[in-house]
Amino acid sequence: MPELPEVETTRRGLLPHVAGRSVEHVLLRRPDLRWPIPHAVEDLLPGQRIDAIRRRAKYLLLDTDAGSALLHLGMSGSLRVLPSDTPVRAHDHVDIVLDYDRVLRFNDPRRFGCLLWQSPGELHPLLAGLGPEPLSDDFDGDLLFALSRGRSAPVKVFLMDQAVVVGVGNIYAAEALFMAGISPLRAAGKVSRERYAALADAVKAILAHAIARGGTTLRDFISPDGAPGYFEQELSVYGRGGEPCRRCGRPLKQAMIGQRASVWCGHCQR
DNA sequence: AATACAGCCTGGAGGC
DNA sequence: TGCCTCCAGGCTGTAT
């Protein structure tokens, strides 16, 4: 599932094939993903040159003079640059046909993703109110400490709040808390400044590592079956409930926290 | 303001 | 083998 590292990997993979190219036309096979695709995408994008591809949180923006296409991959979406005559497969919902023999194709079986439009000079409502990028200097332990005072929600829920910091999904929240030795159940407001410093460092280290791993498959991006490849990275806790902790050997605990499956070590994480 | 949680959607896993 | 239920996931909208 696309977390921030995979979205960033997608951005880097698309860049050399899409940036500087123009859109010939847009083909919507399915007009509704999570939300209806606005007419602006079909009406305004054709003829425009894609000047840049940006990422904000887990959103991708294709910038043109007329505005920006705003994409989210949801949990099952993928974007590929393919030869224009590539046969359509199930769940290929949108084609952005480029001005050479390539098409940018959006596939999303579960349709949790979206394709929206942001006019020049505007900030789309979905992007307003987002917290800082986790890999930027704006994100650190002091920020987590300040925002968490007085909050009783579990620290894992707090860390996954996109108003606090963006891009930390269920997998990386679990992994970062393990690395920092913090129980996911602990009230956010009860975690010390020192431990938040360790947590912020863990988030940065894990995301940076995952992006580096995703980068190894960039060259496959144009091939029809080139799959993003950081899945095989070794996870310490996610998906390992009941299995031995890699640090102390005790069985890992598993429970639902904030409606999300959560795994942690009751001994190493306090 | 903070918290809780249903709902969106589909495919895969597991039970029978 | 097929049918059923459950689960996964990010994020929004509504209720408390």
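Quick note on labels: first sequence line is chain A, next is B, and so on, each numbered from 1. Keep in mind that the numbers below use all heavy atoms, side chains included, and drop hydrogens, waters and symmetry copies.
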side-chain contact (heavy atoms from CB on, under 4.5 Å) involving A:D65 - partner list, sequence neighbours excluded
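With neighbours one apart ignored, the set is A:Q48, A:D51.
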
Is there a donor-acceptor contact under 3.5 Å from the side chain of [X] to the main chain of [Y]?
X      : Y      : value
A:K156 : A:G258 : no
A:N170 : A:A261 : yes
A:Q269 : A:L177 : yes
A:K58  : A:L73  : no
A:T86  : A:L82  : no

Nearest whole Å is fine: how far is [N] [atom2] from [X] [atom1]?
X      : N      : atom1 : atom2 : result
A:L116 : C:dT12 : CG    : P     : 11 Å
A:Q259 : C:dA8  : CD    : P     : 11 Å
A:Y59  : C:dG10 : OH    : P     : 12 Å
A:F106 : B:dC9  : CZ    : C1'   : 13 Å
A:R111 : C:dT12 : CZ    : P     : 18 Å
A:Q162 : C:dG10 : CD    : C1'   : 9 Å
A:F112 : C:dA8  : CZ    : P     : 13 Å
A:Q254 : C:dC6  : CD    : P     : 17 Å

**Request:** Could you walk me through whether A:R246 and A:R240 pass side-chain contact (heavy atoms from CB on, under 4.5 Å), step by step?
**Result:** CA-CA 10 Å; A:R246 295 197 201 282; A:R240 298 191 64 239; 3.5 Å; yes

- Message: What's the closest nucleotide to the side chain of A:H91 if the choices are B:dG11, C:dA8, C:dT12?
- Response: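 So the nucleotide nearest the side chain must be B:dG11.
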
Show which side-chain atoms of residues 141-148 of chain A pair as donor or acceptor with protein atoms under 3.5 Å away, not counting sequence neighbours.
{"residue": "A:D142", "atom": "OD1", "partner": "A:R193", "partner atom": "NH1", "Å": "3.0"}
{"residue": "A:S148", "atom": "OG", "partner": "A:L144", "partner atom": "O", "Å": "2.8"}
{"residue": "A:S148", "atom": "OG", "partner": "A:F145", "partner atom": "O", "Å": "2.9"}

Does either side chain, that of A:D101 or that of A:S84, offer a donor lying less than 3.5 Å from an acceptor on the other one? no

Between A:S76 and A:D108: side-chain donor-acceptor atoms closer than 3.5 Å
yes

When only distance counts, do a donor and an acceptor, one from the side chain of A:R110 and one from the base of C:dG10, lie under 3.5 Å apart? no

What donor-acceptor contacts under 3.5 angstrom involve side-chain atoms of residues 33-45 of chain A, with partners at least two apart or in another chain?
none

If you take any heavy atom closer than 4.0 Å to DNA chain C, which residues from residues 27-36 of chain A end up in contact?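 Only A:R34, A:W35 qualify.
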
For residues 142-155 of chain A, which residues have at least one heavy atom under 4.0 Å from DNA chain B?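 By residue number: A:R151, A:S152, A:A153.
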
If you fit an axis to the five pairs at each end of the helix from B:dA2-C:dT16 to B:dC16-C:dG2, how big is the angle between those two axes, to 10 degrees?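 One end axis against the other gives 50°.
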
task: Quick one: label A:F158 by what it contacts on the DNA or RNA (base, sugar-phosphate, nothing), any heavy atom closer than 4.0 Å.
output: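 Nothing, no heavy atom under 4.0 Å.
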
